[in-house]
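Just below is one structure, and these are the notes that go with it.
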Amino acid sequence: MEFEEEIQKLKERNLRVESDKQWERSWTRRIFIMVITYIVAVTWLLLIKESHSFLKAIVPVAGYILSTLSLPFLKDIWLHSN
């Protein structure tokens, strides 16, 4: 009986881990982070009275999305070099 419970716990854990992986790679998560980043950047730029705040706030968002697109590629390179 104990053995079956352990197997069930492992299966449940594996499902949680897989769900977490899917969330980490999802475009829903990326878009949410992009929107929040943009809002924070615009707010900060407006507070410090920077010109063209709405346009300049795109820079950190673009940096974020480029990093998420390049990381899988870099991960593959790293995995194959080890």
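For the pair Trp23/Thr28, a side-chain contact is recorded, criterion being any heavy-atom separation below 4.5 Å from C-beta on. The side-chain heavy atoms of Ile39 and Val35, taken from C-beta on, include a pair separated by under 4.5 Å. For the pair Pro72 and Arg25, the minimum side-chain heavy-atom distance is 4.5 Å or more. Two residues are said to be in side-chain contact when any heavy atoms from C-beta on lie closer than 4.5 Å; Leu71 and Thr68 fail this criterion. In this structure, Ser53 and Glu50 have side chains that are in contact, with non-hydrogen atoms separated by less than 4.5 Å.
A salt bridge does not link Lys9 with Glu12: none of the charged nitrogens is closer than 4.0 Å to a carboxylate oxygen.
Taken to the nearest 0.5 Å, the CD atom of Glu6 stands 13.0 Å off from the NZ atom of Lys11. The CD atom of Glu4 sits 7.0 Å away from atom CD1 of Ile7, with the distance rounded to the nearest 0.5 Å. Rounding to the nearest 0.5 Å gives a distance of 9.5 Å between CG of Leu45 and CZ of Phe54. For the atom pair CG (Leu79) and CG (Leu74), the distance works out to 11.0 Å, reported to the nearest 0.5 Å. Remark: Leu15 CG to Leu10 CG distance equals 11.0 Å, nearest 0.5 Å. Note that CH2 of Trp27 is 7.0 Å distant from CE of Met34, once rounded to the nearest 0.5 Å.
Taking hydrophobic clusters as Ile, Leu, Val, Met, Phe, Trp and Tyr residues chained together by side-chain heavy-atom distances below 4.5 Å, Ile58 shares a cluster with Leu69. Taken together through direct or relayed side-chain contacts under 4.5 Å among Ile, Leu, Val, Met, Phe, Trp and Tyr, Ile33 and Tyr38 form part of one hydrophobic cluster.
Pro60 approaches Thr37 most closely through the heavy-atom pair CB-CG2, 4.0 Å.
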